[in-house]
**Q** 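One structure coming up, written as structure tokens, with questions to follow.
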Amino acid sequence: MINNVVIVGGGTAGWMTASYLKAAFGDRVSVTLVESGKVGAIGVGEATFSDIRHFFEFLDLREEEWMPECNATYKLAVRFQDWRKPGHHFYHPFEQVGSVDGFPLTDWWLKAGETDRFDKDCFVMASVCDAERSPRHLNGLMLEQSYDEHAAEPRGLTMSEHQGKTQFPYAYHFEAALLAKFLTRYSTDRGAKHIVDDVQEVLLDERGWITGVRTAEHGVVGGDLFIDCTGFRGLLINKALDEPFQSYQDMLPNDSAVALQVPFDMRERGIRPCTTATAQEAGWIWTIPLFGRIGTGYVYAKDYCTPEEAERTLRAHVGPEAAEVEANHIRMRIGRTRNSWVRNCVAVGLSSGFVEPLESTGIFFIHHAVEQLVKNFPAAGWNPVQTARYNDAVAHVMDGVREFLVLHYKAAARSDTQYWRDAKTRVAPDGLEERIEMWKTQLPDSETVFPYYHGLPPYSYMCILLGMGGIPLRHSPALDLADVSSAKKEFEEIRLKGDELVRSLPTPYDYFAHMRG
Ligand code: FAD
């Protein structure tokens, strides 16, 4: 097995990779991480996807050990605000949809739903989010989710079993800089070497393989396997190895963001247990509640909005708390490096690819990449089949997320500005338009969504289609003559369960104050 790994870059990708490799291989693999003292990490990326819980489980960390140090909070869903029309919201939760007689509840809802909230009728978590409750009780006991063997989709993919109970899936929000600091300690305590220095040159042998990186003050750092975590720069993979970057910009036009870190009185104003994505004239604003501040930013397309306009809009959206806060303007590189693993270099994080922050998938890509890297960890012979497998897996997951995000813009009813009107006619990934036509009368199932690797199950597609409201939907013809009484009872039970949880669960603020002692 290769046993000398050099990671260049100490943002979220660099430290997640170092920690994961140390947790996987211990002393069998030496890990050296070089990060610049001058070029900072990107400083955003604070909302995650529910698979992230497996990352912390793999590191053998309990929530009490890392969440307080990272000002972390729980995330049960993405709340989409104003994507259909001003004042409208719905949730895309991590909870899978249940079924009646083999048909997903969402399909039944199209036939027999009697309220304007499909999310509250089909998902318990929508009520918990609206009422701003924590997904755990103060004594640490988890919620129980009834397990429906006949569910249309496999449940449990993102849930972990614990003490015989099944937890409703959730993800985290955390401060990116604090997480990097926490993982620095985690990795170095387990033997990772940490060098703060600038990489000035990447050294290649005659075959084009990397032999080392030359730093400004620490000489050449040599290794067998090099992980490029240098962010959008792609210093090793794109610059030194010349691997091309394939843009997704024709389909996803947002190429810029402006971000603010805003102090926030959580005790007074509460903590929403979800990320909010609020549609704007030329993009959308994220709001991520952390313990002590909110992270917020406007993601926009510069063809439709200037950086000054974007900053003004964001500040107006946040209100007076934002007045003294410095803005961070960011240019985004949307797309993916053609192959993330080339010779003895693997790109992880933004150097590998990024599809804009909607649905919080950047950190999920990092987690997925390091999982795949450990599964396909190279032996001395450098088996090309492993490299190809890895590249297929990474490309597949990013292309899948691209399709899912394009669907958000196509499906949004909003069409009040040129940005939203153009979204409806913009080029789409292969086959998506045809599938949208099909979904109008038959909601997505596992055979009609982008062949899925974990993360994008059909229920997620259903939520977006039902919530965004711009594509006319009809229930499946097979339900035309069906008796709707069982489905209606199920909607009612979900509402009742939601109300019961709202009464018994603590607020996120009380939960985290309790966790912190
Ligand atoms: P960076 O954070 O850019 O780190 C690069 C590192 O490389 C730094 O440590 C730097 O010092 C080092 N470096 C650079 N050059 C050199 C050199 N010459 N020598 C040595 N070191 C060098 N993801 C989510 O999952 N959820 C979100 O909500 C989310 N929101 C986002 C919002 C925006 C606007 C953007 C742009 C991204 C967002 N992401 C999100 C993605 C997420 O931020 C990234 O996936 C994550 O932060 C990883 O970044 P990185 O470590 O790859 O790069």
Side-chain angles (χ1 to χ4, degrees), residues 6-18 32-52 55 75 78 171-177 179-180 183-184 194-202 213-218 221 226-237 239-240 254-260 275-277 283-288 290 295-300 310 314 327-334 337 340 347-370 398 401 455:
V6 176
I7 299 170
V8 182
T12 306
W15 287 114
M16 279 180 71
T17 306
T32 304
L33 186 145
V34 187
E35 69 172 310
S36 167
K38 295 181 196 141
V39 183
I42 195 145
V44 283
E46 304 192 315
T48 59
F49 200 70
S50 58
D51 282 47
I52 192 69
F55 175 80
K75 169 179 173 182
V78 180
Y172 305 112
H173 302 122
F174 46 63
E175 275 198 38
L179 182 76
L183 295 180
T184 304
H194 182 196
I195 298 174
V196 179
D197 203 346
D198 281 313
V199 168
Q200 296 185 321
E201 190 186 355
V202 179
V213 290
R214 191 185 306 285
T215 61
E217 289 167 10
H218 292 75
V221 181
F226 290 81
I227 315 283
D228 185 344
C229 295
T230 60
F232 288 137
R233 286 165 203 82
L235 198 64
L236 281 67
I237 195 86
K239 298 224 169 84
N254 292 344
D255 55 2
S256 310
V258 51
L260 298 171
T275 305
T276 302
W284 59 279
I285 288 177
W286 79 78
T287 306
I288 298 177
L290 301 161
T296 182
Y298 186 2
V299 181
Y300 62 97
L314 178 62
N328 175 14
H329 285 269
I330 299 167
R331 284 297 306 279
M332 304 190 298
R333 186 176 78 154
I334 300 300
T337 292
S340 285
V348 176
L350 297 172
S351 56
S352 162
F354 184 53
V355 283
E356 83 141 278
L358 193 59
E359 296 284 359
S360 319
T361 50
I363 293 165
F364 165 66
F365 289 156
I366 298 170
H367 180 203
H368 175 253
V370 290
M398 287 194 193
V401 172

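We count ligands from 1, going down the list as the structure has it; atoms in each ligand are counted the same way.
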**Q** Using the side-chain hydrogen bond (donor to acceptor under 3.5 Å, both in side chains) criterion, which residues pair with Glu359? Sequence neighbours excluded.
**A**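 Once residues adjacent in sequence are excluded, the partners of Glu359 under the side-chain hydrogen bond (donor to acceptor under 3.5 Å, both in side chains) criterion are His92, His408.
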
**Q** Just to check, does Thr275 reach to within less than 4.0 Å of ligand 1 when the distance is taken from its heavy atoms?
**A**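 Judged by the 4.0 Å heavy-atom criterion, Thr275 does not count as contacting ligand 1.
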
**Q** Who's closest to atom 10 (C) of ligand 1 heavy-atom-wise, of Ile42, Asp198, Val39, Val199?
**A** Val39

**Q** With heavy atoms of Gly231 as the reference, note each atom of ligand 1 found under 4.0 Å away.
**A** 3 (O), 5 (C), 52 (O), 53 (O)

**Q** Does the N or O separation between Ile366 and ligand 1 drop below 3.5 Å for any pair?
**A**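 Min N/O separation from ligand 1 is not below 3.5 Å for Ile366.
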
**Q** Starting from atom 16 (C) of ligand 1, which protein heavy atom do you reach first, and at what distance in Å?
**A**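 Ranking protein heavy atoms by distance from atom 16 (C) of ligand 1, first comes Ser36 CB, 4.0 Å.
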
**Q** Near Glu46, which atoms of ligand 1 are under 4.0 Å from a heavy atom of that residue?
**A** 27 (C), 28 (O)

**Q** Heavy-atom contacts with Leu235 under 4.0 Å: which atoms of ligand 1 show up? List them by number with element.
**A** 17 (C), 18 (N)

**Q** Got a donor-acceptor contact below 3.5 angstrom from the Thr275 side chain to the Ala47 backbone?
**A** no

**Q** Within this structure, what is the CG-OG1 distance for the pair Leu260 and Thr287, rounded to the nearest 0.5 Å?
**A**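 Here the rounded value is 10.5 Å.
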
**Q** Which ligand 1 atoms are under 4.0 Å away from a heavy-atom of Glu35?
**A**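 That gives atoms 9 (O), 20 (C), 21 (N) of ligand 1.
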
**Q** Is Ile363 in polar range of ligand 1, meaning some N or O pair under 3.5 Å apart?
**A**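 Min N/O separation from ligand 1 is below 3.5 Å for Ile363.
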
**Q** Tell me the nearest of Ala47, Ala171, Gly37, Ser256 to atom 26 (N) of ligand 1, using heavy-atom distances.
**A**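 Residue with the shortest heavy-atom distance to the ligand atom: Ala47.
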
**Q** As an exercise, identify every atom of ligand 1 less than 4.0 angstrom from a heavy atom of Trp286.
**A** 32 (C), 34 (C)

**Q** To the nearest 0.5 Å, tell me how far Leu183 CG sits from Thr17 OG1.
**A**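 Separation between the atoms: 10.0 Å.
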
**Q** What do you reckon, does Leu350 have a nitrogen or oxygen under 3.5 Å from a nitrogen or oxygen of ligand 1?
**A** yes

**Q** What about the rings of Tyr172 and Phe174, do their centers lie closer together than 6.0 Å?
**A**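 No: the rings miss the under 6.0 Å criterion.
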
**Q** Among Ala180, Cys229, Gly43, which residue places a heavy atom closest to atom 6 (C) of ligand 1?
**A** Cys229

**Q** Which protein non-hydrogen atom lies closest to atom 42 (C) of ligand 1, naming both residue and atom, and how far is it?
**A** Gly45 CA, 3.9 Å

**Q** Describe, in one word, how the ring planes of Phe232 and Phe354 are oriented to each other, choosing from parallel (under 30°), tilted (30 to 60°) and perpendicular (over 60°).
**A** tilted

**Q** Keeping to residues at least two apart or across chains, list the salt bridge (Lys or Arg N to Asp or Glu O under 4.0 Å) pairs with something in residues 33-42.
**A** Lys38-Asp198

**Q** Considering heavy atoms of the protein only, find what lies nearest to atom 33 (C) of ligand 1 and give residue, atom and distance to 0.1 Å.
**A**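 So the nearest neighbour among protein heavy atoms is Val44 CG2, 3.4 Å.
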
**Q** Are His173 and Trp286 near enough that their ring centres are under 6.0 Å apart?
**A** no

**Q** Which residue owns the protein heavy atom closest to atom 37 (C) of ligand 1, what's the atom, and how far is it?
**A** Phe354 CZ, 3.2 Å

**Q** I need the atoms of ligand 1 closer than 4.0 Å to a non-hydrogen atom of Ala257, numbered in the order shown.
**A** 34 (C)

**Q** Using a 3.5 Å cut-off on N or O atoms only, is Thr48 in polar contact with ligand 1?
**A**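 Among all N and O atoms of Thr48, none is under 3.5 Å from an N or O of ligand 1.
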
**Q** Taking only heavy atoms of Gly10, which atoms of ligand 1 are found under 4.0 Å from at least one of them?
**A**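 Those of ligand 1 that fall under 4.0 Å from Gly10 are 6 (C), 8 (C), 9 (O).
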
**Q** Parallel, tilted or perpendicular: which fits the ring planes of Phe49 and Phe364, with parallel below 30° and perpendicular above 60°?
**A**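 Phe49 and Phe364: tilted rings.
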
**Q** Please list the nearest protein heavy atom to atom 15 (N) of ligand 1 with its residue and the distance rounded to 0.1 Å.
**A**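 For atom 15 (N) of ligand 1, the nearest protein heavy atom comes out as Arg233 CD, 3.7 Å.
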
**Q** If I take atom OH from residue Tyr300 and atom CD1 from residue Ile285, how far apart are they, to the nearest 0.5 angstrom?
**A**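 Rounded to the nearest 0.5 Å, the OH-CD1 separation comes to 11.5 Å.
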
**Q** Measure the spacing between CD1 of Ile334 and CZ of Arg331 and express it to the nearest 0.5 Å.
**A** 10.0 Å

**Q** Hey, what do you get for NZ (Lys75) to CD1 (Ile52), rounding to the nearest 0.5 Å?
**A** 10.5 Å

**Q** Within ligand 1, which atoms have a heavy atom of Ala13 less than 4.0 Å away?
**A** 48 (C), 50 (P), 51 (O), 52 (O)

**Q** Which residue and atom name correspond to the protein heavy atom nearest atom 46 (C) of ligand 1, and how close is it?
**A** Thr12 CB, 3.9 Å

**Q** For atom 12 (C) of ligand 1, find the nearest protein heavy atom and state the residue, atom name and distance (0.1 Å precision).
**A**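 Of every protein heavy atom, Gly9 CA, 3.7 Å lies nearest to atom 12 (C) of ligand 1.
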
**Q** Are any of the N or O atoms of Pro357 closer than 3.5 Å to those of ligand 1?
**A**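 No: no nitrogen or oxygen of Pro357 is under 3.5 Å from one in ligand 1.
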
**Q** Rounded to the nearest 0.5 Å, what separates atom CG in Leu33 from atom CH2 in Trp15?
**A** 4.0 Å

**Q** Is it the case that the side chain of Asp197 and the backbone of Thr215 share a donor-acceptor pair, with hydrogens and angles ignored and the cut-off at 3.5 Å?
**A**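 Here the side-chain-to-backbone pair does not exist.
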
